[in-house]
K.L.:
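My questions will all concern the structure given below.
FYI, side chains are in, hydrogens and waters are out, and symmetry mates aren't considered; it's all heavy atoms of this structure. Computed from a prediction, not measured in an experiment: that's the story for all the values here.
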Amino acid sequence: MARRKPLSTVVADDLLEQIRSGKLAPGAQLPTEAELCAAYEVSRTVIREAVARLRSEGLIIPEQGRGMFVSEAPAQRNFSISAESLKTLPETISLLELRLSVETEAAGLCAERRTDKEAEGIVALMDEIDARQEDPSSIEIHYDYAFHLAIAQATRNEFIHGFLTYLRPIIVPRFQLGLVVMPELKQAYYDRIHAEHTDIVSAIVGQSPEAARTNMRRHLSNSLERVRALALASGIDQESEEQKAAATKLFAELTQPMPSSYRAWG
C-alpha cells in the first residue's frame, strides 16, 4: 500500500503546480492563511508548513504588512526532499552534519552561559516534548527541534540561534519518523531519545560545557547514523522482505539495555 502524503506536502505540491503553470504568476499574492485553510480544509499548522517549504525554496517571499508573494525570479531549489523520493536523502544527511558541527558548540556555550531560569525552561521543554510519544507515522523525524532551539537561544549568540531558526522550515518537514521506526519499537525509540536528551540537559544544568558538547555530539551522531541507514535502505521496495529485515537489523539495538552512560532524569 502506498504511503499517504502528509497534508502539508499535498498543499505545497498543489501551490507549486499553480506557480509552475502560471496560475499563480510571478508577483502574485498568495491567498491569506485563513483563505488557504478554507480552500484546502486543513489547519493553520498545515498551511504554515506548506508555505514554509515554498519559502525555503525561494518560490515565495514575504512582504511585511502585505502577505506572501510569488517570487519574481524563483531561486534554484535547495535542501528539498519529497516523501516519494527518499534517494535525495544525501541532502538531509548534509544538513544533519551541519547541525552536528554548530549544535555541538552551542550546547557547550549554553552550559557556560545559561541562566537558572533558562535551564529550568530547557528541562521543562524536554519533559514536555519527550512525554508526547506521538505516533511515528504522524510526526516529523525532527520533532524535538524546539528543544534544540531553546539550547541555541541560551548561548547568548544571536547568530547561532538565528541560523538554526532559519534552518527549521528546511529541516523539519522532511519526512515522517514512521519511515525509520517500526511500531513495535516506538517505546524503545522514544526512551532512547529521552535518555540522550537527559544527558545533554544534565550537563547544561550542571554547567559542564565539555560534557554538554560530548552528549550533543552523541545525540546528533546517532540521528545521523539512523538517517544514513535509511538512505541505504531507501532503494529497496518497502514491501519486500529484504527491506523489513534491514529495518529490523537497523533498530535491533533499541531493544537492548541502555548504555551505562545514560542517566535517568529525576
K.L.:
Does the side chain of Gln18 reach to within under 4.5 Å of the side chain of Leu15, using non-hydrogen atoms?
P.N.:
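Of all side-chain heavy-atom pairs linking Leu15 with Gln18, at least one is under 4.5 Å.
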K.L.:
Counting C-beta onward and ignoring hydrogens, is there a side-chain heavy-atom pair between Phe163 and Asn157 closer than 4.5 Å?
P.N.:
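They are not in side-chain contact.
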K.L.:
Ignoring hydrogens and geometry, is there a side-chain-to-backbone donor-acceptor pair from Arg55 to Ile60 under 3.5 Å?
P.N.:
no
K.L.:
Looking at Arg156 and Glu118, is any side-chain nitrogen of the basic one under 4.0 Å from a carboxylate oxygen of the acidic one?
P.N.:
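Salt bridge: yes.
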K.L.:
How are the rings of His197 and Phe147 set to each other: parallel, tilted or perpendicular (split at 30° and 60°)?
P.N.:
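Ring orientation of His197 relative to Phe147: tilted.
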K.L.:
Please answer whether the main-chain N or O of Leu164 pairs with a side-chain N or O of Tyr145 as donor and acceptor at a distance below 3.5 Å.
P.N.:
yes
K.L.:
Distance-only, no hydrogens or angles: does the Tyr190 side chain make a donor-acceptor pair with backbone N or O of Arg132 under 3.5 Å?
P.N.:
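A pair under 3.5 Å: no.
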K.L.:
Is any side-chain heavy atom of His148 closer than 4.5 Å to one of Met216?
P.N.:
yes
K.L.:
For Ala154 and Cys110, which heavy atoms make the closest approach, and how far apart are they?
P.N.:
CB-SG, 3.7 Å
K.L.:
Can you tell me which residue among Arg213, Arg218, Arg217 is in a salt bridge (Lys or Arg N to Asp or Glu O under 4.0 Å) with Asp199?
P.N.:
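Passing option: Arg218.
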K.L.:
Do you know the tightest heavy-atom contact between Arg168 and Ala146?
P.N.:
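Here Arg168 and Ala146 meet closest at NH2-CB, 4.2 Å.
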K.L.:
For Ala12, is there any backbone N or O sitting under 3.5 Å from a side-chain donor or acceptor partner on Arg53?
P.N.:
no
K.L.:
Donor-acceptor pair, distance only, cut-off 3.5 Å: does the side chain of Lys186 make one with the backbone of Gln133?
P.N.:
yes
K.L.:
Quick one: closest heavy-atom pair of Ala203 and Asn215, and the distance?
P.N.:
CB-ND2, 4.0 Å
K.L.:
Taking only residues at least two apart or on different chains, which pairs with a member in residues 60-69 satisfy salt bridge (charged side-chain N to carboxylate O under 4.0 Å, His left out)?
P.N.:
Glu63-Arg66
K.L.:
Keeping the roles fixed (side chain from Thr155, backbone from Ala152), state whether a donor-acceptor pair exists under 3.5 Å.
P.N.:
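Side chain of Thr155 to backbone of Ala152: a pair is present.
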